[in-house]
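Letters A, B, ... are given to chains in the order of the sequence lines, protein chains preceding strands, and every chain is numbered from 1. For the numbers below, each heavy atom of this structure counts, side chains included, while hydrogens, waters and symmetry mates do not. What you see is a predicted model, and the numbers here were worked out from it, not measured in a lab.
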Number of protein chains: 2
Amino acid sequence: MARKPPTKPRKHASQERSRATVDALIEATARILVKEGFDKASTNRIAEVAGVSVGSLYQYYPGKEALVAAVIDRHNQDIMRVVRSALAEVASQPIEKAVRRIVAVAIEAHRIDPRLHRVLAEQIPRTGRLANLEAFNRETYALFRAYLESHSDELRMTDLGLATFVCVTTIEALAHTAVLHNAQKLSDEAVKTLVDEATRLVVGYLK
Amino acid sequence: MARKPPTKPRKHASQERSRATVDALIEATARILVKEGFDKASTNRIAEVAGVSVGSLYQYYPGKEALVAAVIDRHNQDIMRVVRSALAEVASQPIEKAVRRIVAVAIEAHRIDPRLHRVLAEQIPRTGRLANLEAFNRETYALFRAYLESHSDELRMTDLGLATFVCVTTIEALAHTAVLHNAQKLSDEAVKTLVDEATRLVVGYLK
DNA sequence: AGGTAATGCGAGCTATCGCTCGTATTATAT
DNA sequence: ATATAATACGAGCGATAGCTCGCATTACCT
């Protein structure tokens, strides 16, 4: 199988100057990924775009995979912020209303910088996906499952783990596919119908 | 954005000797993808593993992307053979029975050489996915939609295009995720429950 | 002010990649 | 048997990648 290059930062930048450098590197990586594609994201090019030398780059990151991982991380945090707050806000609502909101948020989340999201979705498998995406998924699973548990009286199933798997996978796939592969399906009107459909699908399954 | 390298074969091999060469190249590409990862699949390495010279490789393919595309093609044809026959066999059955079978087949299809499937799923975006995966999806969509049309009296929705999108996306995502990310969920028993759940999900949505 | 640590620099080494091209080998046709 | 086309070979070229290292610059401390 494939090897796994290191993705951890090297030196933890302490002064402010260096933090600016690190930011510039991550930002440059994101820009290149979006505007030039993964293959052009060489360490030399990243450093150039960031207005920083390769040497400095290697002081903070062991290679380009680590930079990409950092970008993924930042993006995931943006997404998780939205997801977390939505699931908190919805905790005490009945299933129908809650699911509808969750579906809407899933679509919203995929629309955070969708061009970056697309490139990352394509490239995540090639990077240290373990820590990043897996952690992201675990948290989503945990949050959703917690919701189901606290509303188990409204449900008809016993295996909440399985139910979580089915719901999260379904919602994520619908949002993902709609946003990334069917850009035209995204007039506000179309989003509304999609939310309706997905909600019916999931709610019908749950109760 | 990124450019798109050519993926069409060059010379159409006519003699038998050359067809053997082409086969060896494709087979070697698949083996390397599975056992060493996408990054190691250089043209030099592919030729080496195939027991063929680089020169010969470039007589038939313009580059490694084309080889990968060929592997994808072969794999997709394997899958589509299964999917097509299942959808034909199911054409006259009622929704419940048909969906159950389709879900089972989706899982089966994902279990055709799953290690190869995984690498391809990861790498398809980087290749000429247009012709390959898009064509595959179009056919799946068309086949499934045809089924829905001929059973529209059992359904309660009007927009069959949307329904197809929802069903195909959902079934594919559940099968894909279960097979690729949750290998342990795949005891025969677990597959059975998963099929049950997915069937309930989709059938409940359709009628 | 002077000293030390942190940060930044970038020419350039090595490795590897994609790919070509002149040549050798094998098949087919007559 | 000879000619012609098809196929195979692989050394090696130019490009580019990842990465290091010795040196320059800037910040911090007392």
Side-chain angles (χ1 to χ4, degrees), chain A residues 2-29 32-33 36-71 123 126-128, chain B residues 2-29 32-33 36-71 123 126-128:
Chain A
R3 75 289 82 105
K4 204 172 23 176
T7 55
K8 308 271 183 210
R10 278 182 158 160
K11 194 74 186 174
H12 179 58
S14 56
Q15 298 187 5
E16 174 152 5
R17 182 168 54 131
S18 53
R19 227 168 293 131
T21 301
V22 169
D23 281 1
L25 285 170
I26 296 181
E27 186 55 35
T29 305
I32 293 172
L33 285 179
E36 306 180 36
F38 184 82
D39 296 338
K40 304 275 168 143
S42 69
T43 50
N44 286 324
R45 187 86 228 285
I46 292 172
E48 180 190 334
V49 171
V52 154
S53 83
V54 234
S56 297
L57 185 156
Y58 279 99
Q59 286 203 338
Y60 299 107
Y61 293 97
K64 76 180 231 177
E65 315 271 357
L67 261 317
V68 175
V71 172
Q123 298 306 338
R126 293 167 51 80
T127 318
Chain B
R3 79 280 81 104
K4 203 173 23 171
T7 55
K8 309 271 183 206
R10 279 183 158 161
K11 194 71 186 175
H12 179 58
S14 57
Q15 298 186 4
E16 173 153 3
R17 182 166 56 130
S18 52
R19 228 166 292 131
T21 301
V22 170
D23 282 359
L25 285 170
I26 296 181
E27 186 56 33
T29 306
I32 293 172
L33 285 178
E36 306 180 38
F38 184 82
D39 296 340
K40 305 275 168 145
S42 68
T43 50
N44 287 323
R45 180 103 184 95
I46 291 172
E48 181 191 335
V49 171
V52 153
S53 83
V54 235
S56 298
L57 186 156
Y58 279 99
Q59 285 202 342
Y60 299 106
Y61 293 97
K64 78 180 229 175
E65 315 271 358
L67 260 317
V68 176
V71 172
Q123 298 305 337
R126 294 166 51 80
T127 318

Inset, instruction - Check side-chain contact (heavy atoms from CB on, under 4.5 Å) between A/Asn44 and all other residues, then give those that pass, not counting sequence neighbours. - result: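 With sequence neighbours excluded, A/Asn44 shows a side-chain contact (heavy atoms from CB on, under 4.5 Å) to A/Ser42, A/Val54, given in chain and number order.
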Inset, instruction - Check side-chain contact (heavy atoms from CB on, under 4.5 Å) between A/Ala41 and all other residues, then give those that pass, not counting sequence neighbours. - result: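 Expected list: A/Ile32, A/Leu33, A/Ile46.
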Inset, instruction - List for me each residue that meets salt bridge (charged side-chain N to carboxylate O under 4.0 Å, His left out) alongside B/Arg17, sequence neighbours excluded, and say none if there are none. - result: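 For B/Arg17 there are no salt bridge (charged side-chain N to carboxylate O under 4.0 Å, His left out) partners, ignoring immediate neighbours.
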Nearest-Å distance for atom pair [atom1]/[atom2], residues [X] and [N]:
| X | N | atom1 | atom2 | result |
| --- | --- | --- | --- | --- |
| B/Gln59 | D/dA5 | CD | P | 16 Å |
| A/Leu25 | D/dG18 | CG | P | 14 Å |
| A/Tyr60 | C/dA6 | OH | P | 11 Å |
| B/Tyr61 | D/dT7 | OH | P | 14 Å |
| B/Asp39 | C/dG18 | CG | P | 10 Å |
| B/Leu57 | C/dC19 | CG | P | 9 Å |

Inset, instruction - Among C/dT7, C/dC19, D/dT7, find the nucleotide with the atom closest to the side chain of B/Val54. - result: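 Looking only at heavy atoms from C-beta outward on B/Val54, the closest nucleotide is C/dC19.
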Inset, instruction - Name the closest nucleotide to the B/Tyr58 side chain, picking from C/dT20, C/dT7, D/dT7. - result: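 My answer, after comparing the listed nucleotides, is C/dT20.
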Inset, instruction - Rounded to the nearest 0.5 Å, what's the gap from OH on B/Tyr60 to CG on B/Leu25? Could you check? - result: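 B/Tyr60 OH to B/Leu25 CG: 9.0 Å, rounded to 0.5 Å.
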Legend entry - Separation between NZ of A/Lys64 and OG1 of A/Thr29, rounded to the nearest 0.5 Å: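 That separation rounds to 10.0 Å.
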Legend entry - Residue-phosphate contact under 4.0 Å: B/Ser18 side-chain N/O, D/dT7 OP1/OP2: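 Answer yes for this pair, as a side-chain N or O of B/Ser18 is under 4.0 Å from OP1 or OP2.
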Legend entry - OP1 or OP2 of D/dC9 under 4.0 Å from side-chain N/O of B/Ser56: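 Affirmative; the distance criterion is met.
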Inset, instruction - Check B/Glu36 against B/Lys40 and note the closest heavy-atom contact, atom names and distance. - result: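 Minimum heavy-atom separation between B/Glu36 and B/Lys40: O-CG, 3.2 Å.
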Legend entry - Heavy-atom pair with the smallest gap, counting every atom of B/Leu57 and B/Leu67: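 Closest approach of B/Leu57 to B/Leu67: CD2-CD2, 3.9 Å.
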Inset, instruction - Classify every nucleotide of nucleotides 25-30 of chain D by which part a protein heavy atom approaches to under 4.0 Å, writing B for the base, S for the sugar-phosphate alone and - for neither, in 5'-to-3' order. - result: -BSS--
Inset, instruction - Return the residues of residues 42-52 of chain B meeting this criterion: a heavy atom under 4.0 Å from some atom of DNA chain C. Order them by number, or give none. - result: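 Within this stretch, B/Ser42, B/Thr43, B/Asn44 sit under 4.0 Å of the strand.
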Inset, instruction - Sequence neighbours left out, what pairs pass salt bridge (charged side-chain N to carboxylate O under 4.0 Å, His left out) with at least one residue falling in residues 46-56 of chain A? - result: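 Residue pairs with at least one partner in residues 46-56 of chain A: A/Arg45-A/Glu48.
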Legend entry - Nearest-nucleotide comparison on DNA chain C, the residue closer to the 5′ end among B/Gly55 and B/Lys64: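 Its nearest nucleotide being more 5', the pick is B/Lys64.
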Legend entry - Side chain proximity check, A/Phe38 to A/Val68, heavy atoms < 4.5 angstrom: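 In contact.
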